[in-house]
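Worksheet: one structure, shown below.
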Protein chains: 2
Amino acid sequence: MLSEFLLAEMSRLGAQDALPLHRQLYEALRRAMLDGKLGAGERLPSSRDLAQDLKLSRNTVVAAINQLSVEGYLASRVGSGTYVNDNVPRATPGRPARQGSNPPASGVPAGRLSVRGQALATRFCATELEVQPFTPGIADFSAFPLTLWQRLQNKHWRMTYPDMLDYNDSGGYAPLRRAVADYLRVFRSVHLDADQVVITSGTQQSIELCARLLADHGDTVWVEDPAYWGAVKAFMATGLKLHPVPVDEQGIQPSTADSAQPPRLIYVTPSHQYPTGAVMSLPRRHQLLATARVHGAWVLEDDYDSEYRFSGPPISSLEGLDTDGRVFYMGTFSKVLYPGLKIGYLVVPKPLVAAFKQAHYDLNRPGQMPVQAALAEFIEMGHFTSALRRARQNYGERRQCLLEALKPVLRDQHPDGPSISGAEQGLHLCLRLPSSVDDRALAQRIAQQGLTVRPLSAYCLARSDLRGLVIGYGYAPLAEIARCGPLLANAVRQTLGS
Amino acid sequence: MLSEFLLAEMSRLGAQDALPLHRQLYEALRRAMLDGKLGAGERLPSSRDLAQDLKLSRNTVVAAINQLSVEGYLASRVGSGTYVNDNVPRATPGRPARQGSNPPASGVPAGRLSVRGQALATRFCATELEVQPFTPGIADFSAFPLTLWQRLQNKHWRMTYPDMLDYNDSGGYAPLRRAVADYLRVFRSVHLDADQVVITSGTQQSIELCARLLADHGDTVWVEDPAYWGAVKAFMATGLKLHPVPVDEQGIQPSTADSAQPPRLIYVTPSHQYPTGAVMSLPRRHQLLATARVHGAWVLEDDYDSEYRFSGPPISSLEGLDTDGRVFYMGTFSKVLYPGLKIGYLVVPKPLVAAFKQAHYDLNRPGQMPVQAALAEFIEMGHFTSALRRARQNYGERRQCLLEALKPVLRDQHPDGPSISGAEQGLHLCLRLPSSVDDRALAQRIAQQGLTVRPLSAYCLARSDLRGLVIGYGYAPLAEIARCGPLLANAVRQTLGS
């Protein structure tokens with residue numbers, strides 16, 4: 001019955017829009033879910049069975065299923081197939097009429113979200129956001145020098161000179177742009193003038209600005225697989241076609257097959273890939289820039305977690321290796337200093353600086369000038385680098401403590417046991433598990449102890465081979481990590497033992 | 001030669017994509033401008049001539065030209081035709097290869113903006129942003145109680161309890177959402193629970209969130225003509241098709257012809273239309289809701305300038321008149337209290353609240369919790385309403401002073417002279433001029449005296465009948481208005497006399 005519905009939908013779509021087959025199947029499956037023909041939690045027939053029933057190639061079916069997984073409609077569970085996600089919104093008959101339809105004179109009741117709205121409102125991971133020990137992506141801000149900060153902020157709130165009025169399209173408060181440029185030149189080998197720095201509200205805004213100004217609706221963006229979910233949503237919101245490229249221990253590794261989907265943008269987190277923690281190797285960085293050159297693509301370098309390197313030599317930013325101005329470099333202060341700051345930065349290649357500033361002003365009405373001014377002075381006075389130094393020491397101890405706690409469950413103790421990736425840098429590491437483990441179930445079991453870790457498989461877009469736990473050591477103090485580390489290790493051991 | 005180029009481009013596009021004719025012409029003209037076949041400042045052949053040369057209907061040509069004008073590529077000057085805007089970016093041969101093309105093995109040099117990027121980076125009005133006496137859309141913040149504000153802000157920066165960590169998808173700091181709800185219920189007759197309030201960084205973000213969640217790429221949005229340029233850019237950025245609907249002295253007035261372009265969204269500024277200053281009448285409000293109902297469209301009510309009403313009875317918000325939950329109501333504190341605040345709010349109909357909060361968190365990473373907390377307390381303590389009361393008194397005096405200064409040039413003195421619209425409410429008024437006046441040239445002449453007014457024609461999308469000056473009285477203090485008002489009146493009189 002499902003295949004009949006799908007065939008009917010596909011033939012309707014094929015007649016109407018001349019869509020490629022995988023896109024027809026994608027639309028038909030989506031419609032089946034929204035109409036409730038495929039209910040939440042229901043298991044999809046295998047790609048092999050679907051291909052046979054619908055007389056399609058297996059590749060066509062897999063492409064449609066991958067796209068739906070990327071958009072959050074479907075979720076795969078190892079060994080048991082693909083399921084409709086619990087949070088897929090259901091369309092109602094009251095949906096507003098679309099162009100071309102003839103609404104009755106009595107009117108159309110208020111409806112629901114648009115198609116992209118449904119995808120954008122789908123919750124990633126299907127779990128509540130909880131900040132507890134081991135929640136990845138969250139740092140400890142207890143050491144932030146609040147009194148000093150308040151003094152600076154008060155001072156600049158008092159100084160309401162014209163720059164402070166927030167009505168300017170200069171790309172941000174000039175002294176802050178200079179301070180960011182100085183920092184990036186010294187610590188991240190980025191080549192830049194202060195004029196190239198655009199102050200944003202953070203990485204999310206930086207990504208969107210790039211996607212909008214550099215790519216058109218329907219253009220392809222290569223993203224890492226597994227991926228940082230925030231970036232995935234930003235690309236979905238800006239109408240780009242996501243093409244997932246696998247990440248290994250050296251970072252993103254495009255194959256010749258990927259080149260069949262030539263990118264307009266390539267988005268990477270080379271300093272500490274989110275979530276695997278891979279640090280992109282130098283040869284891989286050169287390769288990526290060469291690939292970008294072949295395709296005439298822009299590279300978006302999200303230098304996430306670049307601030308803390310615990311072992312191995314520092315590696316230059318992609319931007320620093322780029323010889324032809326195709327890298328946009330982005331970072332944020334919210335993860336390093338204080339999340340309430342909501343200040344990030346984007347480094348724009350010179351020929352496009354004016355365009356980016358203009359569009360940023362028009363689209364985002366950037367501002368918070370008193371906060372920008374306070375931050376500029378904070379950095380100039382040397383407080384930023386000393387805060388980083390203290391934090392590196394601090395996080396280093398927490399990292400060590402977590403590694404100790406996890407040691408008993410690692411591979412060198414148990415031949416088929418887990419291993420650790422991505423602990424050289426940043427504020428999280430990844431405990432890799434055998435592909436037979438249900439990492440979502442394990443993460444839920446751990447949550448019952450008041451700890452939050454994320455299942456690695458939840459970040460996967462097209463691939464289904466990865467299992468693991470993404471574990472943060474930024475948020476909880478050392479004593480908490482010492483107390484909770486063994487609980488975590490125990491839960492892993494129990495799961496592997498069973 | 002131009003028509004040959006256009007015909008060749010159109011036949012190429014027609015063969016390739018089966019685009020409608022007006023869209024083919026739009027693309028061909030755009031290409032001609034980007035390639036320099038039509039240079040900046042060059043005059044376009046008349047729509048009649050173009051239609052004849054290209055063997056197209058005149059409507060097709062007008063549709064293409066209107067779209068290009070809306071996107072900022074073309075500008076019309078009364079009586080002298082349509083010109084290529086000075087700020088149209090020029091494409092270079094180094095533009096990155098698009099999908100389907102075969103880049104040479106040696107690679108493609110870094111390129112330029114995408115098509116939508118070019119439109120988004122085009123500067124509106126082609127003038128620098130300057131804050132001087134009479135700049136519209138800017139208020140006076142010198143009365144803002146800074147010391148009190150600093151005390152509140154410091155207090156909440158100290159209280160780093162979990163809510164302050166900024167990692168939550170609740171739609172904002174709960175006490176602030178309650179305070180906003182209380183204010184809107186009392187002062188704007190909005191029907192709502194605090195749970196429906198989503199705190200945003202301002203109206204720009206509120207509009208984008210609605211456009212993304214309620215409409216799909218290519219859907220139609222009705223906008224007022226003339227229009228608030230910030231909203232126009234937000235809709236362009238989110239891929240919507242703009243359909244301009246004329247505004248008269250009672251607000252937006254859709255005709256039956258407009259219904260041929262059925263809207264998915266209708267965006268209005270009913271309290272004080274930007275830029276004409278029209279206050280939407282009650283019958284017109286009911287009509288608009290009925291029209292929205294017929295089309296199954298959502299209404300986005302930007303309640304801009306609702307805070308200050310100087311004459312006439314207050315009019316209820318559209319949201320308050322809405323009986324079937326199709327109005328999204330939005331406002332901002334940045335215009336009323338302090339621009340550095342960057343805090344606005346969006347009221348979401350109940351069935352969609354959860355989806356909006358989730359998507360807002362994922363896409364915008366909202367935050368600034370200490371500032372939200374300070375603002376909540378500021379409102380609860382009654383400082384917000386007393387600030388509004390003081391400001392209303394203050395702005396009322398400035399308005400009166402400006403009206404006095406403009407009196408000598410009004411119609412009742414000179415039979416064919418100018419008139420004033422939109423002075424009952426808000427912080428700007430519109431001096432309407434005969435359609436023979438070049439209002440852009442007049443605004444430039446006034447700028448030479450250190451004053452900033454905006455030409456009304458610069459806000460027009462499809463229509464070419466409006467001329468006038470948009471004059472703000474929010475920014476400059478009374479003494480400045482008393483000094484500069486006569487200068488402004490003189491410049492107008494000289495232009496009309498010549």
Side-chain angles (χ1 to χ4, degrees), chain A residues 96-97 99 103 107-111 113-117 120-121 123 129 131 138 146 150 154 157-158 162 164-169 202 204 212-217 220 230 233 237 239 262 264 293-297 324-326 339-340 342 349 355 358-359 362-365 367-370, chain B residues 96-97 99 103 107-111 113-117 120-121 123 129 131 138 146 150 154 157-158 162 164-169 202 204 212-217 220 230 233 237 239 262 264 293-297 324-326 339-340 342 349 355 358-359 362-365 367-370:
Chain A
Q99 256 172 266
V108 181
L113 301 178
S114 61
V115 173
R116 76 171 160 201
L120 292 175
R123 176 184 284 158
L129 184 79
V131 178
I138 299 199
L146 257 185
Q150 287 171 349
N154 288 345
W157 268 88
R158 265 190 302 272
M164 293 296 178
L165 269 175
D166 270 5
Y167 294 104
N168 80 72
D169 50 9
Q204 206 70 10
R212 288 171 156 183
L213 293 190
L214 302 175
D216 284 310
H217 189 264
T220 296
K233 279 226 170 166
R264 174 89 169 154
R293 205 170 299 126
V294 168
H295 292 294
D324 50 358
R326 63 175 72 252
K342 294 287 152 199
Q358 182 68 44
D362 285 346
L363 294 173
N364 300 322
R365 294 277 185 266
Q368 295 190 262
M369 286 297 170
Chain B
Q99 256 171 266
V108 180
L113 302 178
S114 61
V115 173
R116 77 171 159 200
L120 292 175
R123 177 184 283 157
L129 184 80
V131 179
I138 298 201
L146 257 186
Q150 286 172 351
N154 288 345
W157 268 90
R158 264 192 301 273
M164 292 296 178
L165 269 175
D166 269 5
Y167 295 104
N168 79 72
D169 51 8
Q204 207 68 11
R212 289 171 155 183
L213 293 191
L214 302 175
D216 283 309
H217 189 265
T220 296
K233 280 227 169 166
R264 173 88 169 153
R293 205 170 299 125
V294 168
H295 292 295
D324 51 356
R326 62 176 72 252
K342 294 288 153 197
Q358 182 69 42
D362 285 345
L363 294 173
N364 300 322
R365 293 277 184 265
Q368 296 189 261
M369 286 296 171

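Every chain is numbered from 1 and lettered A, B, ... according to where its sequence line falls, protein lines coming before strand lines.
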What's the shortest heavy-atom distance between A:Ala121 and B:Ala359, and which atoms? CA-CB, 4.1 Å
Minimum heavy-atom distance between A:Asp216 and B:Val115, given as atom pair plus value: OD2-N, 3.0 Å
Any side-chain to backbone donor/acceptor pair from A:Arg116 onto B:Arg212? Under 3.5 Å, distance only. yes
If you take all heavy atoms of A:Lys342 and B:Arg365, which pair is closest and at what distance? NZ-O, 3.0 Å
Rounded to the nearest 0.5 angstrom, the CD-CD distance for A:Gln150 and B:Gln150 is 10.5 Å
Look up atom NE2 in B:His217 and atom NE2 in A:His217, then write down how far apart they are to the nearest 0.5 Å. 4.0 Å
How many angstroms lie between atom CG of A:Asn154 and atom CG of B:Asn154, to the nearest 0.5 angstrom? 4.0 Å
Once rounded to the nearest 0.5 Å, what's the spacing between atom NZ of B:Lys233 and atom CG of A:Asn364? 11.0 Å
If you tally heavy-atom pairs under 4.5 Å between each of B:Gly239, B:Ala237, B:Pro349, B:Gly202 and chain A, the highest tally belongs to B:Ala237
A:Ser114 and B:Ala215 have their tightest heavy-atom pair at OG-O, 3.1 Å
